[in-house]
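Atoms within a ligand are numbered from 1 in the order they appear, just like the ligands themselves.
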Amino acid sequence: MKYILYYSPGAASFAVHWMLVHINESIDAVRVDLDSGAQHRGEYRHLNPMGRVPTLIIDGAPRGESTALLMLLAERHPEADLAPSPGSADRAQWMELMIYLANTLLPAMRDWFYADVDGAGIDADHVRSLARKRIEEVWVRLDNNLANANGYLVGEKLSTVDFLAIMLMRWSRDMPRPATDWPHVLAYVTKLRALSSFIEVNEKEGLRGWNNSVGVAIDC
Ligand SMILES: N[C@@H](CCC(=O)N[C@@H](CS)C(=O)NCC(=O)O)C(=O)O
């Protein structure tokens, strides 16, 4: 049964969309207009009670949470080899980084972008200030990891961690210190943005900027 992905360009759905493009899965992609609040209305709220993207319909059932979806897709498509197999040397690091990004970076990003909406507006600057600190701590850690790596965050090859990390690094592009301020992160981003699947998913989502030929952000 074909996957149906509910997405918004460049949003938390991006990593899932990229992985599906990368493994050549033919999907139905349905755009959710976040600006008009479509995520909080009607049928979509039945699919995703929190009113967020992504939602991926898998065998007829709606599933959410980008990190979980990446892990699930890796399990469903072992031939794509996008997660170290259980018991392998790299498995522990893969799990640790997937959870670290989901637990630490994603919530801090949410705070950075949604401080005014999710909390009391009066506290928003303080929330953003703490979020920025947490986010930059992650870039420091990943930069250190990448200094001793071979171009990928886990082992010697592409994995779901890279889809997730690149999506989150992209989100930082208009922050006071984007992830690409860190030299090993910059080299890593440059390498992964050259992947044909990255270029293709950007085209499919209509994203401009933050690629190796332009490097300047235009869209959200
Ligand atoms: N933890 C969730 C975060 C999802 C999320 O916050 N998505 C944002 C877009 S990046 C969203 O749907 N925002 C719409 C809203 O909150 O109204 C995941 O990783 O899937």
Side-chain angles (χ1 to χ4, degrees), residues 3-21 27 29-58 61-76 82-83 94-121 123-124 127-128 130-132 134-135 138 142 153 159-175 178-179 198 201-202 204-207 209-210 217-220:
Y3 293 114
I4 304 171
L5 176 67
Y6 290 84
Y7 80 102
S8 172
S13 40
F14 181 86
V16 177
H17 200 177
W18 182 10
M19 179 166 174
L20 288 164
V21 168
I27 63 164
V30 180
R31 184 170 174 164
V32 180
D33 184 359
L34 298 187
D35 290 339
S36 75
Q39 71 277 24
H40 297 300
R41 286 198 299 270
E43 193 196 331
Y44 192 73
R45 277 311 276 256
H46 293 295
L47 298 176
N48 190 307
M50 294 297 288
R52 298 200 181 156
V53 292
T55 299
L56 186 66
I57 310 293
I58 303 178
R63 303 284 174 207
E65 289 300 326
S66 54
T67 308
L69 292 172
L70 293 171
M71 296 172 98
L72 192 56
L73 286 171
E75 186 180 291
R76 288 171 65 90
L82 288 167
W94 172 76
M95 273 195 167
E96 184 179 329
L97 279 177
M98 288 300 283
I99 302 305
Y100 173 64
L101 294 176
N103 241 356
T104 307
L105 187 50
L106 262 162
M109 283 287 187
R110 174 92 199 172
D111 287 346
W112 176 262
F113 287 111
Y114 286 87
D116 294 291
V117 181
D118 288 351
D123 299 326
V127 171
R128 273 190 287 269
L130 179 58
R132 179 182 167 188
R134 298 242 187 282
I135 291 165
V138 173
L142 295 185
L153 276 166
S159 76
T160 59
V161 168
D162 300 305
F163 297 125
L164 188 57
I166 291 285
M167 176 184 84
L168 293 159
M169 288 169 180
R170 182 179 179 280
W171 291 359
S172 74
R173 67 198 183 281
D174 290 329
M175 293 186 66
F198 179 83
V201 73
N202 274 269
K204 282 184 187 296
E205 298 203 352
L207 297 172
W210 212 75
I218 299 170
D219 50 78
C220 78

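Of all the atoms in ligand 1, the ones that sit under 4.0 Å from a non-hydrogen atom of Leu106 are 19 (O). Close contacts of ligand 1 with His40, meaning ligand atoms under 4.0 Å from a residue heavy atom, involve 15 (C), 17 (O). Here is the list of ligand 1 atoms found below 4.0 Å of a heavy atom in Pro54: 20 (O). Near Ala11, with a cut-off below 4.0 Å to any heavy atom, the atoms of ligand 1 are 9 (C), 10 (S).
With hydrogens and angles disregarded, a donor-acceptor distance shorter than 3.5 Å links the side chain of Ser172 to the backbone of Ala179. Between the side chain of Asp118 and the main chain of Asp111, no donor-acceptor pair closer than 3.5 Å is present. Using a distance-only test at 3.5 Å, with no hydrogens or angles considered, no donor-acceptor pair links the side chain of Arg134 to the main chain of Ala131. The main-chain N or O of Arg52 is found under 3.5 Å from a side-chain atom of Tyr44 such that the two form a donor-acceptor pair.
Taking every heavy atom of both residues into account, Pro107 and Ala102 meet most closely at CD-O, 3.1 Å.
Within the 4.5 Å cutoff, side-chain heavy atoms of Leu101 are placed close to those of Leu142.
Among protein heavy atoms, the minimum distance from atom 11 (C) of ligand 1 is reached at Tyr114 OH, 3.7 Å. Gln39 NE2, 3.6 Å is the protein heavy atom nearest to atom 15 (C) of ligand 1. For atom 19 (O) of ligand 1, the nearest non-hydrogen atom of the protein is Ser66 OG, 2.6 Å. For atom 6 (O) of ligand 1, the nearest non-hydrogen atom of the protein is Arg110 NH1, 3.0 Å. Atom 1 (N) of ligand 1 has Glu65 OE1, 2.8 Å as its closest protein atom, hydrogens excluded (heavy atom only).
No more than 12 heavy atoms of other residues, nucleotides or ligands sit less than 6.0 Å from atom CZ of Arg31.
Closest heavy-atom approach to atom 12 (O) of ligand 1 within the set Thr55, Leu56, Val53: this belongs to Val53.
Heavy-atom distances between Met50 and ligand 1 stay at or above 4.0 Å for every pair. Phe113 does not count as a contact of ligand 1, since none of its heavy atoms falls under 4.0 Å from the ligand. Heavy-atom separations between Thr67 and ligand 1 are all 4.0 Å or longer. Distances from ligand 1 to the non-hydrogen atoms of Gly64 include no value under 4.0 Å.
Residue contacts with ligand 1: Trp171 is placed with no nitrogen or oxygen under 3.5 Å of a nitrogen or oxygen of the ligand (distance criterion only).
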Could you go through residues 13-21 and list every donor-acceptor pair under 3.5 Å that involves a side-chain atom there, pairing it with any protein atom two or more places apart or in another chain?
from, atom 1, to, atom 2, distance (Å)
Ser13, OG, Ser8, N, 3.1
Ser13, OG, Ser8, O, 3.2
His17, ND1, Glu205, OE2, 2.6
Trp18, NE1, Ser197, OG, 2.9

